[in-house]
Amino acid sequence: GAAWIGKHCGAGVTRALGRGLAAIYDLTHPRTRAVVKRNLALLQPTPVTNRQAHQTLRNYGVNLADYFLLGTRPRAEVLALAAETDGLAHLQAALQTQAGLILATAHLGLFELGGLWLEEQGHPPVILTLPEPSPALNRWRAEYRKRWSATTLEVGNGYFSSVEVVRLLKQGRCVAMLMDRPYDANRVLVPFPG
């Protein structure tokens, strides 16, 4: 359904629908809104307002719409979404070294767009992921990312999960991971900048 809308209706309609559905979800799921408020409270010293939580959920709806646009719209149209991104020159310089590269990103915006951009630069990424609760979701996501030659590598919490990552880095590959995923006991907590 959402992929069909993204393919046939374009960015404006798809994003408006994502924002609207997120608003309905926000109204019908007060417990989720409370979780969003608690999470936002980790990022700011002042109390989080309901308005901020509402806006965060609506932004997430737009992010999901962009996710479907990424998989269904022409490449040039999707890459235009990345045209206003800051810091690309630094990333391009790092890619030119041909050394392995770890990209530690967060769930801030459409991180999947980076995979398409990296492929356009000649560096299709390997994206690390923890297993999802559903094996079907793992397979769907891996197939979705193959559209821009990104490889999905499931890693676990075992001690040897990093061996494959080190091998990929030695090959000069670009490895992307989300730094805000729960990794149980195998993690390092660092202060949030700013």
What are the two closest heavy atoms between [X] and [Y], and how far apart are they?
X      : Y      : answer
Ala94  : Thr97  : O-OG1, 2.7 Å
Ala23  : Arg58  : CB-NH2, 3.5 Å
Gly61  : Ala22  : CA-CB, 3.8 Å
Ser149 : Pro124 : O-CB, 3.2 Å

At what distance, to the nearest 0.5 angstrom, does [atom1] of [X] lie from [atom2] of [Y]?
X      : Y      : atom1 : atom2 : result
Glu154 : Arg141 : CD    : CZ    : 7.0 Å
Leu69  : Cys9   : CG    : SG    : 10.0 Å
Gln55  : Leu40  : CD    : CG    : 11.0 Å
Cys174 : Leu103 : SG    : CG    : 4.0 Å
Leu95  : Gln121 : CG    : CD    : 7.0 Å
Leu64  : Asn59  : CG    : CG    : 11.5 Å

May I ask whether [X] and [Y] are part of the same hydrophobic cluster, defined by side-chain heavy atoms of I, L, V, M, F, W, Y residues being less than 4.5 angstrom apart, directly or through others?
X      : Y      : answer
Leu128 : Ile102 : yes
Val62  : Leu57  : no
Val155 : Val175 : yes

Taking Glu132's backbone N and O only, do any of them form a donor-acceptor pair with Asn138's side chain (distance below 3.5 Å, no angle check)?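 Checked: pair present.
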Does Gln44 reach the main-chain N or O of Thr46 with its side chain, forming a donor-acceptor pair under 3.5 Å?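 Checking the backbone N and O of Thr46 against the side chain of Gln44, a donor-acceptor pair under 3.5 Å is found.
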Plane angle bin for Tyr144 and Trp148 - parallel if under 30°, tilted between 30 and 60°, otherwise perpendicular: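 Judged by the thresholds at 30° and 60°, the geometry between Trp148 and Tyr144 is perpendicular.
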Could you check whether any side-chain heavy atom of Thr151 comes within less than 4.5 Å of a side-chain heavy atom of Arg173, counting everything from C-beta outward?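 Result yes, sub-4.5 Å side-chain heavy-atom pair found.
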Taking the side chain as C-beta and beyond, is there a heavy-atom pair between Leu153 and Leu168 under 4.5 Å?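 Heavy-atom side-chain distance check passes, below 4.5 Å.
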Set of side-chain contact (heavy atoms from CB on, under 4.5 Å) partners for Glu120, sequence neighbours left out: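 side-chain contact (heavy atoms from CB on, under 4.5 Å) list for Glu120, sorted by chain: Arg75, Leu79.
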Among all residues two or more places apart in sequence or in another chain, which pass the side-chain hydrogen bond (donor to acceptor under 3.5 Å, both in side chains) test with Thr152?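 side-chain hydrogen bond (donor to acceptor under 3.5 Å, both in side chains) check on Thr152 returns Arg145.
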Set of residues satisfying ring pair (Phe, Tyr, Trp, His ring centres under 6.0 Å) with respect to His29, sequence neighbours excluded: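 With neighbours one apart ignored, the set is Tyr25.
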Mind checking what makes ring pair (Phe, Tyr, Trp, His ring centres under 6.0 Å) contact with Tyr60, not counting sequence neighbours?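 In terms of ring pair (Phe, Tyr, Trp, His ring centres under 6.0 Å), with neighbours along the sequence ignored, Tyr60 is linked to no residue.
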Give me each pair satisfying salt bridge (charged side-chain N to carboxylate O under 4.0 Å, His left out) with a member in residues 31-52, each pair once, sequence neighbours excluded.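 Only Asp26-Arg33 qualify under salt bridge (charged side-chain N to carboxylate O under 4.0 Å, His left out).
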Results of salt bridge (Lys or Arg N to Asp or Glu O under 4.0 Å) for Glu164 - residues two or more places apart only: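 Scan of Glu164 (salt bridge (Lys or Arg N to Asp or Glu O under 4.0 Å), adjacent residues dropped) gives Arg167.
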Go through Leu101 and Leu91 one step at a time and tell me if the side chain to side chain contact (heavy atoms under 4.5 Å, CB included) criterion holds. CA-CA 10 Å; Leu101 180 66; Leu91 184 54; 3.8 Å; yes
